[in-house]
Each structure stands twice: as C-alpha cells, then as structure tokens.
A.B. asks: 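The structure under discussion is supplied below as structure tokens; questions concerning it will follow.
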Amino acid sequence: MPEKPALEGLETKWGQSWEEQGTYLFDRQNATRENIFSVDTPPPTASGSLHIGHVFSYTHMDLVTRYQRMRGKTIFYPMGWDDNGLPTERRVQNYYGVRVDPTLPYDPAFVPPLEGGDNASSKAADQLPISRRNFIELCERLTVEDEKQFEDVWRTLGLSVDWTQSYRTIGDEAQTAAQRAFLRNLARGEAYQADAPTLWDITFRTAVAQAELEDKEMPAAYHRLAFRTVPADDGSSTDIHIETTRPELLPACVALVAHPDDERYQHLFGTMVTTPLFGVEVPVVAHHLAQKEKGSGIAMICTFGDVTDVIWWRELDLPNRTIIGSDGRIVADAPDVIVTEQATAAYAQLAGKTVFSAKKTVVELLQASGEMIGDPKPISHSVKFFEKGDKPLEIISTRQWYIRNGARDVALREKLIADGREINFTPDHMRTRYENWVGGLTGDWLISRQRFFGVPIPVWYELDAEGNKGTPIVPSEDSLPVDPASETAPGYDESQRGVPGGFAGEVDIMDTWATSSLTPQIAGGWERDPELFDLVFPYSLRSQGQDIIRTWLFSTVLRSELEHGTVPWKNAGISGFIVDPDRKKMSKSKGNVVTPAAMLETHGSDAVRYWAASSRLGTDAAFDPQNPKQIKIGRRLAIKVLNAAKFVYSFPTAEVDAAGRTAPLDIDLLAELNRVVATATKAFDEFDHAKALEAAEQFFWTFCDDYLELVKERAYGAGTPEGQASATATLRHAIDVLLRLFAPFIPFATEEVWSWTHDGSIHTSEWPVVSAAAEPTGLLPLVSEALISIRRAKTDAKASQKTEVVSATISGPAQLQLAIDDLQAVGRIATVEFVEADAVSVTHIVLAEQVEVQ
RNA sequence: GGGCGAUUGGCGCAGCUGGUAGCGCGCUUCGUUCACACCGAAGAGGUCAUGGGUUCAAGUCCCGUAUCGCCCA
C-alpha cells in the first residue's frame with residue numbers, strides 16, 4: 001500500500017497489466033447463448049479525428065459492458081475502424097499531395113511527393129496524379145497509422161475492449177462480408193441497378209445517398225421569364241410568366257406546372273407553350289405539388305433542378321432532357337428538341353460552362369431577347385448539399401446500384417418499423433427518430449459510389465457484339481473478396497476485358513455505410529465462423545450517438561432484416577452529444593474542440609470517464625474546456641476513493657463473516673449499502689449508468705463523512721474487542737462493495753486499490769449481490785442528524801471539531817441509544833445524558849474551553 | 001411547416017407509478033494536517049418557464065403559449 005496514493009500513472013500501469021493478463025479477452029470456451037453479452041461498437045472514421053463526443057459515447061458503452069462482465073456475463077466487445085470511403089481519400093490526398101487518375105498504370109516504386117501535408121485547400125492542380133492502385137496503397141498505409149493512434153486513446157480511456165477482435169471496414173473479412181451480403185441481396189432481388197435521376201456531388205464526382213444530405217440556406221434569385229402560348233387559330237398568343245431560380249436549366253425544360261385548383265391557369269392545362277430563347281414546345285400540366293402562392297403560381301419543370309422536378313418528371317411521365325454532366329458543366333450535345341438556328345446558337349454558348357456561368361449567359365441572352373421581365377429578385381432558400389461537400393448537389397441521370405430499403409415497399413417498411421419496436425431503445429424516444437426516418441424515405445438506398453478506396457461492387461458485365469454492357473456476372477461466394485477492376489470475370493480470359501463479346505468489370509465501389517451496416521456480421525464472423533456468429537448474434541447491445549440513427553442504425557437494421565429476418569440487437573443505447581457552454585453543438589469550425597488525448601493527459605482517465613458517466617443516455621452534456629467542472633469532481637472522487645480505501649485497509653482485520661458484525665450501527669450501515677447495491681443494479685439493468693453512479697457516490701460520501709468518523713475510535717480499539725472487530729469487518733466489507741460499485745466508472749483507481757488486498761482484477765470480480773435479509777432500521781440517519789448538531793455547536797463556537805466536550809444532552813428516539821457510544825467518541829464528549837424524545841437534538845453542550853452553546 | 005426533447009436556487013443536474021423541493025459546483029463563515037488541502041464542518045440561496053384544466057392534493061397527469069436545442073421538410 002503506497003504512502004500517498006495518486007492517480008498519476010495508473011492508466012499505464014493497469015493498461016499494461018490488463019493486456020498481459022488478458023483481462024478483457026473474449027472467453028469463447030465458456031460462452032453460451034445465455035451468458036453472453038455482445039456489443040456492436042461503432043467503428044470510428046479512422047481518417048477523422050477523435051473528439052470529445054466519441055469519448056462520451058464510447059465511455060457509455062464501456063460502463064454497461066463492465067457492469068455485465070462483473071455480473072458474470074461472457075463479454076464479446078470488439079472494436080472496428082471505418083477506414084474505407086471518402087474521408088480517407090480526402091485525407092490521403094492532402095497528406096501525400098496526390099490524386100487518382102484511373103488511366104495511369106501502377107508504379108511499384110512510387111514515392112509520394114509529400115509526407116504529412118495537411119494543406120486543406122490543396123488544389124487538384126497541385127496534386128500529383130497517380131494510379132488507382134498506388135492511391136489505395138497510400139490509403140492503406142495511412143489508415144493503419146491513424147488506427148494505431150485511435151487505439152492508444154481508447155486504451156488510455158480504459159475501454160475494456162478485446163483488442164484481438166478488432167476489424168477494419170477495408171479489411172479482407174469486411175470486404176468479404178460486404179460483398180457476400182450484396183450478392184445475396186442481388187440474388188434475392190433486393191439489390192438492383194437502375195438508370196435514374198441521382199443526387200450528384202460535382203466536386204467529388206460521385207452519387208450521394210439520401211442519408212448523406214444536408215440542407216443549407218443559400219441566397220438565390222427569382223428570374224421572371226416569359227413563355228408564349230402556341231398561337232391559336234386566329235394567330236393570337238399570350239405570354240405566361242414563370243419564376244425560376246435556375247434559368248440556366250431552360251434548355252432542359254420539359255413542361256410548365258400549376259396547381260390543379262389554380263383558377264388562373266385552368267384554361268392552359270393540356271395546351272402547349274414555347275420556351276423562351278430555345279423555342280421548344282412544352283405542355284402545361286397540373287400537379288398538386290405546384291405551389292399557388294409561390295412566385296406566379298406556375299413553374300417550369302426541368303430535368304432536373306431539384307427533387308420536386310424528379311417527382312413531377314416521374315409522376316407526369318415527362319421526357320428526360322438532362323443537360324448537366326458529371327463534372328457539373330453543361331454537356332456539349334443539346335437535347336434533340338433544340339433545333340432552330342437561334343436555339344442551337346444559344347445552346348452553343350452554354351455548352352461546357354459551369355452552372356454558375358451558364359446562368360449568367362442565359363440571363364444575358366434573355367435580357368437581350370426581351371424575354372426576361374425585370375431584374376432578378378434575390379431570395380434565400382434551402383438547397384441540398386452532400387454533408388461533406390461544399391457545392392450544391394446537382395441531379396443527373398446515371399446508372400447506379402440500389403438496395404431496397406422500404407421506401408417503395410410497404411411490407412418491408414412495416415417490417416422495419418416492427419423491428420424498431422422490437423429493439424429496446426434507451427432512451428425510448430430515440431425510436432421516434434428511427435421511425436420518422438423510415439417513414440420519410442423517398443427512394444431506395446443508393447450504394448454505388450464513383451470513388452476508389454472502398455469495397456468493390458463484385459460484378460462484371462457481359463459485353464454484347466457492340467460492346468454494350470449486358471447481364472451482370474457474379475463471383476462465387478468462396479472467391480470473395482474480389483476486385484472486378486483487376487480480376488477476371490469467371491469463365492473469361494483477361495484478354496476479353498473490354499472487348500465486344502467479352503466482359504467489363506464494375507469500377508464503382510460501395511458506399512461506406514454499405515459495409516459498416518454489417519458490423520455485427522463482420523465482427524461476429526458471419527459465414528466465416530458460424531459457431532461464433534451463432535453465439536453473438538443478435539447482439540445484446542448497439543451503442544452509438546444520436547447523429548447516426550438515420551445512417552448506421554437504420555442501415556444495420558435493414559441489412560439484418562434482409563439477410564437474417566431478425567433484429568441485429570436486443571438493445572440500442574443512444575448517447576447525446578456535447579454542447580459548449582452556450583448550448584451550441586461543439587464543432588471544429590468554432591475552435592472549441594479539445595482533443596481527447598490531451599484531456600485524458602491533463603485530468604486523468606477516471607476523471608474524464610466520470611464526466612461522461614454522469615450524463616444519462618440521450619442527454620446532451622455541456623462541456624466547457626476552460627472549466628471542466630464535472631471532470632474535476634470525478635478526479636476528486638477518484639482521489640477520495642484511493643484515500644478512503646487506504647485508510648480502511650490499514651486496519652488489521654481477521655476474516656470476519658457476517659456473524660462478527662454485531663454493532664447495530666454497523667449492521668444498519670450495511671443494510672443501507674445493500675439498498676444502494678439494489679438501486680445501482682436495477683439502474684444498470686436499465687442502462688441508466690448515471691443513476692447507478694449517483695447512488696454509489698451519494699452513499700460513499702456519507703460513508704466517509706459520517707460513518708467512517710463515527711466508528712474511527714472504535715476501529716482503533718477504543719471500545720470492546722467485539723466492537724472493534726465489528727467496525728473493522730464492516731469497514732472492509734463496505735469498501736469492498738463500494739469499490740466494485742465504482743469499478744465500471746473509475747476502473748483505474750478501483751483496480752489500484754483492489755490490488756492492495758485482493759488477488760485478481762476487480763473488473764472480473766463479482767458484482768455485489770443484494771442480500772434479502774437486511775433492511776435499514778433508520779439508525780444511521782438518526783445518528784447522522786445528532787452528529788450534525790454536535791458539529792454545528794462546535795462550528796458556531798468557532799472551535800475545532802476535535803474540541804473536547806465536557807458534557808451534552810442527546811435527545812431522540814430510543815433507537816439512537818444503540819449508537820450512543822460511537823456518537824460520544826466522535827464528538828469527544830466526556831459525559832452524555834440521553835433523553836428520549838421524538839426528534840433528535842443535542843443540547844447543553846459544554847465545550848472544554850468552558851464555552852457553552854445552546 | 002412537421003416531429004422529438006428540454007425549460008427546477010448563480011451554474012450543471014436528480015426528482016420513478018402525483019402528497020407541499022433534493023444533489024454537486026460556486027458562494028459565506030469556521031476549522032485542520034494521526035485516510036484525504038485535489039481536505040473537513042456549518043450555513044445562506046428556489047412561488048419548479050407561463051396560462052388554463054383534472055384532483056382532497058401537481059415540478060410530477062392533460063391542453064394551450066413562449067423560449068432554446070435537435071431531426072425532417
């Protein structure tokens with residue numbers, strides 16, 4: 001036992017010990033379906049940086065896991081890294097100063113131009129074009145390094161993860177699982193390929209899914225354009241004015257639309273009008289989504305200006321005249337309806353231009369032709385962005401892969417809702433977010449991405465005599481993982497690649513979520529280790545932040561439903577997020593982010609864990625880096641635990657069983673503690689770690705401030721040997737219980753203290769059990785009340801608490817007499833007179849200095 | 001515009017199935033080194049956002065309003 005115990009260095013000391021002892025290893029030999037507690041952990045984005053919100057949420061899942069371990073459960077607690085996907089590509093581009101050019105050949109001797117660059121604004125022009133394979137190798141190299149750093153932070157934080165169970169979403173096993181699941185989706189008709197209007201990020205040149213959208217308020221302007229009705233028999237025609245924020249899409253106009261009830265346009269429905277500038281005849285149609293009060297109440301439908309255009313196009317069966325290419329520029333070939341000399345000339349001026357400059361040109365042309373009325377009218381409206389992009393999304397027509405998600409399938413949607421109700425959400429209202437998301441889906445899940453670092457979509461295509469792609473060719477499951485871009489399609493020769501009559505490999509990869517939606521399968525050895533999978537799946541717990549309910553939680557439920565027809569987990573614990581002192585979400589751009597590593601270093605892991613633990617699931621936590629109050633309180637608690645335990649363990653004690661604990665106060669203390677154990681146990685069973693902590697903590701301070709002081713003298717041997725034995729045995733029993741109640745929260749301090757008097761780790765010791773017999777008698781609170789009176793008298797007299805008291809009268813219920821000796825000892829009262837009364841009071845206190853206080 | 005959540009002493013939070021408010025920090029005063037100065041003791045401080053309703057009784061249940069936050073349009 002150290003002379004002066006301290007928190008410093010405990011993380012390293014015990015981190016090493018746990019690693020050497022294998023304290024947190026999955027004990028497969030003894031695992032059964034009944035005694036297992038399996039945790040599905042979110043793989044953090046390896047290329048990102050860990051922030052305080054991660055610490056918060058990962059601590060939450062560790063708390064309940066540690067509790068379950070002590071309850072005797074066999075713990076399956078793996079950790080993964082999400083390293084595939086766009087964030088990694090971006091980081092690699094900046095770090096090494098490179099970018100992919102898929103046409104370049106692989107260079108085995110390649111050395112990147114930069115190492116450790118962090119130039120966030122690095123332009124494509126400054127980046128060295130390299131082959132896809134070289135790029136992927138750099139991705140691999142950097143993520144491995146990043147993951148090492150992440151693991152260090154998690155180990156320091158004290159996550160009780162079995163590090164032999166870790167996985168990477170770009171790893172072979174993850175790729176195999178993702179491709180296998182995809183192939184099965186394909187075989188069952190749940191995955192399909194379709195030509196469709198697709199949300200497209202022009203910066204990254206990739207399709208984007210609904211779950212990755214973000215609305216942003218952007219300035220725009222209404223441009224009032226004049227369409228002209230097709231001349232009647234008498235040659236008369238009138239102008240129809242529409243307002244649009246996207247005049248550059250005029251060549252892609254396919255119709256005008258107004259609300260069916262709008263009297264102003266009734267007479268026009270079914271007639272034709274001609275577009276300004278391009279002279280294309282388009283119909284006037286009616287649809288309920290047209291807003292009467294917006295602009296002039298009649299709008300132009302283009303392919304495609306926004307998602308409403310897509311709906312109109314689909315529901316009204318309109319032609320497709322897409323003019324924006326995958327690079328965000330106006331395509332060279334005009335839609336075939338643009339035929340007049342004037343029209344083709346106008347279009348020629350737009351071709352190749354960005355949306356921004358095309359808009360400018362169209363406006364100039366319209367102003368010149370007199371078909372634009374007045375000046376543009378500035379407005380602000382919300383525009384869809386890719387969450388990681390900084391240019392508005394365009395909608396272009398492309399061929400993409402989708403997985404059915406219930407958006408167009410009522411039966412599946414209802415099944416997914418039912419799955420959500422089968423999962424026990426904590427807090428319960430987080431289920432609503434899931435249901436809202438499922439109910440609000442507008443299309444199937446787009447999973448193909450036109451990127452490089454990810455799991456390849458495992459198909460090839462037959463090429464017909466003209467070289468057009470035909471039926472997909474799929475690999476057998478035992479050949480996975482495959483890369484169709486470099487491996488030959490089964491049944492073909494590599495020389496047939498790209499040749500008419502031969503085959504073509506799919507070059508698209510899957511969205512990251514298409515892999516991470518399978519974390520239960522990846523970590524659990526699905527189809528790789530069926531015995532293991534059968535043990536761990538469905539998992540006991542999914543723990544995650546509320547921000548990824550629509551992505552990770554939803555997609556995991558979906559994949560599990562499609563593949564296994566069951567929910568992936570029994571419980572879902574959802575953590576809130578971190579807000580700064582002004583109640584604003586913490587974010588990098590605000591510069592109010594503190595790195596977890598620095599925080600752990602400064603305050604100690606137990607202190608930081610305490611902070612996270614004191615917030616319930618689902619509740620946002622305030623955090624002020626300048627004044628981290630909760631962390632300081634946690635640190636204080638951990639230090640107090642060290643000291644209190646040291647004190648208690650310093651008393652020699654023979655092994656005294658319950659029979660030796662004879663003093664009524666001691667028995668009552670343990671009865672009160674018994675109740676605390678019951679509270680904490682129930683709270684943990686309900687995933688309410690904050691309540692468990694509060695119960696233990698509250699009792700612990702009473703234990704230290706009152707009970708410990710009351711029995712100190714007796715423990716030193718001031719009374720009878722029986723009294724002493726009872727006190728020391730009770731102290732030791734109580735601290736043993738308290739330490740275990742605290743173990744999930746402050747694993748380092750409790751392990752340190754435990755090691756002084758116990759063999760084995762506290763974290764694999766048994767969670768305290770509630771004994772049925774003990775019921776508190778109320779003695780302890782009575783004694784505490786009397787103690788406060790005595791202390792108050794001394795405080796009021798400005799005297800030390802150690803001041804001797806010549807005499808005092810203690811009044812109270814008869815029961816109080818049972819502990820009168822302890823009271824007398826702690827108060828240092830020479831002579832006590834006891835008077836039976838309803839209420840507790842201490843009177844006629846005569847202090848040794850002859851100061852009398854009422 | 002729709003949904004969800006929050007609103008309790010200066011600050012951060014508890015208050016379960018309704019019975020006249022608790023904790024921690026901070027603050028004030030005092031004490032102290034034989035477990036702990038990253039200490040101890042005592043104390044001050046709240047008409048529980050607001051307007052109605054149910055009830056013998058409402059932070060606690062119901063309806064409305066306001067403010068804040070998040071999600072989705």
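Proteins come first, then strands; the chains are lettered A, B, ... in the order of their sequence lines, and each starts at number 1. Keep in mind the model is a prediction, meaning the values are calculated, not measured.
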A.B. asks: Could you tell me which nucleotide pairs with B:A58 by Watson-Crick or G-U wobble geometry, both distances under 3.5 Å, or answer none if nothing does?
C.D. replies: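 Check on B:A58: unpaired, no WC or wobble geometry under 3.5 Å.
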A.B. asks: Any side-chain N or O of A:R636 under 4.0 Å from OP1/OP2 of B:C25?
C.D. replies: yes
A.B. asks: Side chain of A:R791: nearest nucleotide among B:A42, B:G40, B:C38?
C.D. replies: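 It is B:A42.
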A.B. asks: Looking at every strand, decide which applies to A:L708 at a 4.0 Å heavy-atom threshold: base, sugar-phosphate, or nothing.
C.D. replies: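 Base contact.
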A.B. asks: Between A:F56 and A:F577 (judged by ring centroids, cut-off 6.0 Å), do the two rings come close enough to count as a pair?
C.D. replies: no
A.B. asks: Reckon A:K798 touches a base, only the sugar-phosphate, or nothing at all at heavy-atom distances under 4.0 Å?
C.D. replies: sugar-phosphate
A.B. asks: Quick check on side-chain contact (heavy atoms from CB on, under 4.5 Å): which of A:L600, A:L63, A:I746 does A:R609 satisfy it with?
C.D. replies: A:L63
A.B. asks: Below 4.0 angstrom from OP1 or OP2 of B:A35, is there any side-chain N or O of A:Y716?
C.D. replies: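 Answer is yes, contact under 4.0 Å.
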A.B. asks: What's A:I633 touching, base or sugar-phosphate or nothing? Going by heavy atoms closer than 4.0 Å.
C.D. replies: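 Sugar-phosphate, backbone atoms only, no base.
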A.B. asks: Return the residues of residues 427-446 of chain A meeting this criterion: a heavy atom under 4.0 Å from some atom of RNA chain B. Order them by number, or give none.
C.D. replies: A:H429, A:T432, A:R433, A:N436
A.B. asks: For the rings on A:F742 and A:F700, is their centre-to-centre separation under 6.0 Å?
C.D. replies: yes
A.B. asks: With RNA chain B as reference, determine whether A:K691 or A:K794 sits nearer its 5' end, using the nearest nucleotide of each.
C.D. replies: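 So the residue in question is A:K691.
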